[in-house]
Amino acid sequence: MTDAAPLLEVEDLRVEFGKGADTASVLNGVSYRVEAGETLAVLGESGSGKSVTAQTIMGILDTPPGRITGGAVRFKGEELLGADRERRRLLRGESMAMIFQDALSALNPVYTVGAQIAEQFRFRRGMSKKDAMVRAAELLDQVKIPNAKQRVKEYPHQFSGGMRQRAMIAMSLALDPELLIADEPTTALDVTVQAQIMELLDELRRERDMGMILITHDLGVVAEVADRIAVMYAGRIVEEADAATLYAHPAHPYTRGLMASVPRLDSSRGQLDPIPGLPPSLTNIPPGCPFHPRCAHADFRGRAPQSSVSGDRCRTELPLLRVLEDPAAGPEGHRAACHFAEQFVAASPEEVLTP
Amino acid sequence: MGRYTLRRLLQLVPVFLGTTLIIYYLVWGLSDDPFAGKCGQRECPAPYVATMTARLNLDDPVIVQWLKYLGGLLTGDFGRTFSGNEVSDLIANAAPVSFRLALVAVVVEIVIGITAGLVSGLRGRGYVDSLILVSTLFLISLPVFVTGLVVKQVLGVELGWIRTSVPPDPTILDLFVPGLVLGSLSMAFVARLTRTSLMENSRADFVRTAVAKGLSRRRVVLAHMLRTSLIPVVTFIGTDLGALMGGAVVTEGVFNIRGLGGLVFTGIQRQEQTQVVGVVALLVIIYLVVNLIVDLLYAVLDPRIRYD
Amino acid sequence: MTDTLRQEPSLAGHDEGAVVSPEAESGLWSDAWKQLRRRPLFIISGVVIIVLLVMALFPSLFTSVDPTFQVLDRSGEAPNASSWFGRDLFGRDVYARAIYGAGPSLAVGLLASLGTVVVGSLAGLTMGYFRGLTDSVLSRIGEIFAGIPFVLGGIVILTSLNKPGEIVGSTRLIVQVVLTIVLLSWPLAMRIMRAAALASSQQDYVKAARALGAGPLRIMFRHMLPNCLAPVLVYGTIQLGVFIGAEATLSYLGIGLKDPVVSWGVMISEVQARIIQMPHALFFPAAFLVVTVLAFVMMGDALRDALDPRGR
């Protein structure tokens, strides 16, 4: 498997929005890869570029206002960014499919759920309307919607939130894609339903040996299902490792911040530590490390034991994503974009959190 | 669906009653002496006054007169004019002309309006879009009688392409230019509405889903964008029919078409109250029925409405 | 930047934007103003409207000719050096009449638009606040008036108010025309206000005001109205133009304003039988009319674009 081209490879992807002084650099060199049967979780706050990356991979980014200014997206070795529109259209649904956050607005209100699933069978497989509806019912059954035969005839607004997301999943699986991109699939749902949907997605991925990109800002969602995790900040990957490694010793202060802001039942400390400040404006990304204005470690003077850490480098020099020496990391290694990543890797998650 | 239809139907009843009462009151209740000027310079002869008073129930309070009139309407009796004509006969003669005119206008509105909106909305910003935006804005600002007078002057008098006066029993072709004039305002609205609706929907999440499903551009546009975008357009065309009928009165005047508008006018000039009330009541009924149909159509087009 | 906001709806933070607070509203207006200042459509229509207003208030600035002065032997004269727009059937100066026509035309448009917006807004606000029975009853009443086709309703009302041949003073005529337009048009303004009021009455700040014990009037006017004003204002501006056209239509039909009142509609009505002999007497008032209506419709369009954040 390692010899062959990976299922999906994103390399140094750059996307801008707007023009002139208002240009927002939404993606500033994003790279990641997904293998068949693997789940990559892409983690980050709103505006970090998670969804834009996904839309660029799918080829559904609105251009304009969006503009791809560089990089590559390769599906099984085939370069997609330069490919012609028809080729890309045929890949959609067939090779890669996407699930959106808000299934209510992502489903067309004026067609029955069944008709929307059947659409792909009819127009991509040339099936008759009747056969397509039968297949749609089968799919609804596969995503564990009870009474599938009746429910195919219902409209999206007649479904509950969880059922709608199941229908959305069924739709994405219609043409047996090899890669499934789930963009915040559980954000709009109740906590109990969230777990069911994640379980379903994980099960389907295993059955079908699909690659899956799971976009979320919720660490709790990721823990259960992700093989590897990529953390994004201001249009860049700032840390990437297999799930266990990342949880055990996160190497980027931002990752640590995210973890500290999640309530944990087993935490000895009763309080949460939200990351201070707001994500940077993408029209005006801070120089140096984009995270430095919010980073508790960017300026240590007189406060922390690691006096060797100086704040100036964080303000002036952009840290690149590099492989860390982390013996505990899996075969994919542990990468982070922080000048002082080594110091954090060595420490336990809680240790450096409170400078 | 059945309950929805029934509810809408029931809601029509008070509207119909209220509208006809207002019209009836304005026409009959406000005139002190309905016989003034009816018999030339002289007073009307007593027996004539007596017959007409009895036939029109003029001795009753206006509200009772109106109820009796409604009773007549239910049996298809629109009453008789002072000069002895059956109002239903007058309407039967004039209505087909007006309907043909309205038909031409609505077809123009739908075909040209939606096409222009489509072109403008799908092409996005550019030369064609600006042209359509400016020309529709211009059409919206032109009162129908101005468009009519100018068209008649230019096409009829100066170029001689059309007859300035439409023949008594006009064909659809005779009514083409008047219909175009009548429909021009609504056509502009339809074009703009289609464009806005299309542009809004082209950014909708469900359209992105349709693209992500790998459907062809054609399928995305026709089945997902257009289908949803036309819902407000259909509603507009229905509610706009009232304005269209009003405009028809003006257009008929400009092009000398003998339709329902003419009936209202001659009715007012000759003080034939029955004639005025009859035609207006008919137009109100048509308006309400068309609105009901549009409402039901709306429910068919947008399933979200059906179950509230 | 706005485009990025659309891509990533919560770029600025998580739960903002769901509730538009009254404070955000003042931002809406100042944002709209910033937008408008750069729009050529707004500037052009604004200039035209200012010129028209000056013309309506001080017609003598534009002409020294009496618009009612008749020179019968110059009837129907084509445009020439002494009378730029020519003369009408009674030998009156078309240019002077077109200038003086601005006053009554604008007065009717302005008053009718104001009346429609006030009546419609009050009704819509009440419906949005009280809902239920009040809403249904007012809805039905609105439908009754909306069910009467405008021109037909205008004909019936105006001919019932004045007996044929009756001489009516100009102020009374203007008031009658304005009231007729308001009576037949308020339901539209009501619908727009009602929709906005229904949405705003569900917002948290209204619920909060209610929980704090604010009375209905205070909630309606202090909390709901400022947030519902934008769409009605846009409607009012566009309708101002449309109503000027409506006045002209009614006058054209001979049931609106009449001589000696000068309005563009009156001028067109007077010439309609003789267009072939004197097209200029149709063209100039019609041009004034169209430019005026266009200016208000364009202004309304620009306002809507600026006030509706979805369109940006």
Check your understanding: Tell me, do B:Val250 and C:Thr249 make a side-chain contact under 4.5 Å, heavy atoms counted?
Key -> yes
Check your understanding: Does any heavy atom of chain C fall under 4.5 Å from the side chain of B:Gln11, the backbone, both, or neither of them?
Key -> both
Check your understanding: Does any heavy atom of chain B fall under 4.5 Å from the side chain of C:Ile268, the backbone, both, or neither of them?
Key -> side chain
Exercise for review: Check B:Val15 against C:Glu143 and note the closest heavy-atom contact, atom names and distance.
Suggested key: CG2-OE1, 3.2 Å
Practice item. For residues B:Pro143 and C:Gly245, report the shortest heavy-atom separation together with the two atoms involved. Key: CG-CA, 3.9 Å
Review point. Can you check side chain to side chain contact (heavy atoms under 4.5 Å, CB included) on B:Val146 and C:Tyr252, steps first, answer last?
Key: CA-CA 9 Å; B:Val146 174; C:Tyr252 162 79; over 6 Å; no
Review point. Between C:Ile148, C:Ile157, C:Leu152, which is the residue that forms a side-chain contact (heavy atoms from CB on, under 4.5 Å) with B:Ile23?
Key: C:Ile148
**Study point:** Straight-line distance of C:Leu282 CG to B:Leu149 CG, nearest 0.5 Å
**Key:** 5.5 Å
Review point. Got a second to check how far C:Arg304's CZ is from B:Thr196's OG1, nearest 0.5 Å?
Key: 7.0 Å
Practice item. Check whether B:Val277 gets within reach of chain C through its side chain, its backbone, both or neither, counting any heavy atom under 4.5 Å. Key: neither
Study note, to complete from the structure: In this structure, CG of B:Leu21 is separated from CD1 of C:Ile144 (nearest 0.5 Å) by 8.5 Å
Review point. How would you list, in number order, the residues of residues 286-294 of chain C that have a heavy atom less than 4.5 Å from chain B?
Key: C:Ala286, C:Leu289, C:Val290, C:Val293, C:Leu294
Point to revise | chain C contact via B:Leu12 - which portion, at a heavy-atom distance below 4.5 Å | key: neither
Check your understanding: Is B:Val150 close to C:Phe283 at the side-chain level, that is, under 4.5 Å between some pair of heavy atoms?
Key -> no
Study note, to complete from the structure: Heavy-atom closest pair (B:Arg192 atom, C:Asp301 atom, distance to 0.1 Å) is NH1-OD2, 2.9 Å
Review point. So what's closer than 4.5 Å to chain C heavy atoms on B:Leu137: side chain, backbone, both or neither?
Key: both
Review point. For C:Phe296, is it the side chain, the backbone, both or neither that has a heavy atom under 4.5 Å from a heavy atom of chain B?
Key: neither
Practice item. Could you walk me through whether B:Phe265 and C:Ile155 pass the side chain to side chain contact (heavy atoms under 4.5 Å, CB included) test, one step at a time? Key: CA-CA 8 Å; B:Phe265 258 108; C:Ile155 294 173; 3.9 Å; yes
**Study point:** Backbone N/O of B:Leu26 and side chain of C:Ser160: donor-acceptor pair under 3.5 Å
**Key:** yes
